[in-house]
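Encoded as structure tokens, the structure appears first; notes follow it.
The analysis underlying the following values was restricted to heavy atoms, covering all of them including side chains, and did not include hydrogens, waters or symmetry mates. Nothing here was measured: the structure is a model prediction, and the numbers come from that model.
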Amino acid sequence: MREVNELINVDDPAWPLLLQELSGSDVPVEVLPGDAGIGRASLLQLQVSARSYLGGIVLNCGGLLVDSGWLQIFGSPSSSGLEGPPGLAVINSMPSTFDPAWRPDAGLVVAHDVLGGVFALNGSNPGEAGRPGDPGEVVYFAPDALGWEALGAGHSAWLSWILAGGLQEFYEGLRWDGWRSEVSALNGRQGLSFFPPLWSAEARQDLPATSRRAVPMTELLGLSRDMCLQFDGADPGFLGAA
């Protein structure tokens with residue numbers, strides 16, 4: 001078990017490299033202010049060093065809002081009230097004080113999108129958790145398919161793919177005219193609920209014709225879990241304590 005100073009004081013921290021990528025990206029990204037104390041505590045609990053993009057985000061900022069908030073990548077926010085952005089520690093129900101026995105066994109939730117989609121880092125045994133991919137691979141819970149899919153990349157490569165514009169193709173068919181203004185109006189704890197729902201034939205055929213409303217992210221995640229259980233009895237597992 002490494003001490004927090006050992007995790008932070010590294011020769012090649014990832015944060016400056018990530019800032020360079022952010023400055024050179026055409027993708028709109030807002031870097032949220034962070035809480036240094038929460039960042040240090042989260043780094044210690046995760047046993048992740050500042051050499052990684054994950055460690056750099058958790059230690060140095062409150063998270064990243066990508067594409068006007070369409071995607072929220074979790075960090076250690078300085079303000080996480082009822083409407084503020086949640087932090088990685090809150091989303092993953094990390095213990096309030098260091099617990100060497102705690103592990104995100106199924107996987108670490110690292111981001112949510114406004115559709116109720118979940119990006120997570122696989123734990124040590126994805127198959128046992130009912131998830132595809134390898135340990136440490138980023139997987140995505142798709143609310144339009146009600147299932148997990150492996151993305152074939154670790155956290156740093158996944159983040160670089162996002163900053164290179166990967167989301168445009170990834171969400172093809174799931175964005176509509178005026179989506180940016182609707183998303184910008186949400187607070188840090190909300191997503192968009194669709195009717196008919198995203199997984200329905202009606203939404204697949206004509207997404208712009210659906211009605212949309214802002215709801216708490218917890219409601220979206222709970223609905224996805226209920227639908228998974230109702231359709232095939234498969235529990236998608238932990239989607240984040242939004």
Side-chain angles (χ1 to χ4, degrees), residues 1-2 4 7 14 41-58 63 71-76 86-113 115-162 166-167 170-171 191 197-199 217-242:
M1 201 65 69
R2 292 174 291 177
V4 67
L7 297 169
S42 297
L43 215 63
L44 177 63
Q45 185 62 67
L46 293 170
Q47 288 291 292
V48 173
S49 87
R51 287 191 180 93
S52 67
Y53 275 6
L54 175 60
I57 291 172
V58 170
L71 178 66
Q72 186 173 173
I73 300 173
F74 303 117
S76 304
L88 189 79
V90 170
I91 287 293
N92 288 281
S93 299
M94 289 167 59
S96 56
T97 57
F98 177 66
D99 180 357
W102 182 87
R103 293 288 185 278
D105 292 326
L108 185 75
V109 174
V110 294
H112 283 158
D113 64 36
L115 308 177
V118 181
F119 292 90
L121 280 177
N122 268 340
S124 59
N125 195 332
E128 188 176 86
R131 296 183 180 179
D134 297 323
E137 184 175 347
V138 178
V139 293
Y140 178 67
F141 177 81
D144 58 325
L146 296 177
W148 291 96
E149 56 190 58
L151 301 187
H155 183 272
S156 295
W158 166 75
L159 188 52
S160 293
W161 166 78
I162 289 172
L167 295 185
F170 187 76
Y171 289 109
L198 286 174
W199 44 261
M217 184 60 70
T218 50
E219 182 177 322
L220 278 185
L221 300 180
L223 180 61
S224 290
R225 176 175 287 108
D226 290 344
M227 289 301 98
C228 287
L229 293 171
Q230 180 176 323
F231 287 150
D232 59 15
D235 189 339
F238 184 67
L239 300 176

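L71 is not listed as a side-chain neighbour of F170, based on a closest heavy-atom distance of 4.5 Å or more. In this structure, the side chains of P126 and P132 stay at 4.5 Å or more apart for every pair of heavy atoms. A heavy-atom distance below 4.5 Å is not found between the side chains of F98 and V4. V48 has its side chain out of reach of V58: every pair of non-hydrogen atoms, C-beta onward, lies at least 4.5 Å apart. Looking at F238 and N92, their side chains come closer than 4.5 Å, going by heavy atoms from C-beta outward. Residues L108 and L88 meet the side-chain proximity criterion, which asks for heavy atoms closer than 4.5 Å. Side-chain contact check for V139 versus L151: every heavy-atom pair is 4.5 Å or farther apart. Between D113 and L167, the closest side-chain pair of non-hydrogen atoms is not below 4.5 Å.
Across all their heavy atoms, A150 and E137 have their closest contact at CB-OE2, 3.3 Å. For the pair Y140 and G117, the tightest heavy-atom approach, listed with the atom from each and the gap, is OH-CA, 3.5 Å. Shown here for F141 and P236, the closest heavy-atom pair between the two residues is CE1-CB, 3.7 Å. Scanning both residues, Q45 and P95, for their nearest heavy atoms gives OE1-CG, 3.3 Å. Here the closest non-hydrogen pair linking P86 and Q72 is CD-OE1, 3.3 Å. Of all heavy-atom pairs spanning L43 and L7, the tightest one is O-CD1, 3.5 Å.
Taken to the nearest 0.5 Å, the CG atom of L46 stands 10.0 Å off from the CG atom of L121. How far OG of S124 is from CG of D134: 12.5 Å, rounded to the nearest 0.5 Å. Remark: S224 OG to W199 CH2 distance equals 10.0 Å, nearest 0.5 Å. Here the straight-line distance linking atom CG of L239 with atom OG1 of T218 works out to 12.0 Å at 0.5 Å rounding. To the nearest 0.5 angstrom, L159 atom CG is 5.0 Å from I73 atom CD1. Summarising the geometry, atom CD1 belonging to I91 is positioned 8.0 Å from atom CE belonging to M217; distances are rounded to the nearest 0.5 Å.
Counting only distance, with no hydrogens or angles, the side chain of D144 and the backbone of L198 share no donor-acceptor pair below 3.5 Å. Between the side chain of R51 and the main chain of A14, no donor-acceptor pair closer than 3.5 Å is present. Q47 places a side-chain N or O within donor-acceptor distance of the main-chain N or O of R2, the cut-off being under 3.5 Å. Between the side chain of H112 and the backbone N or O of F74, no donor-acceptor pair lies under 3.5 Å.
For the ring-ring contact (aromatic ring centres under 6.0 Å, His included) with F119, the qualifying choice from W148, W161, W158 is W158, the only one to do so.
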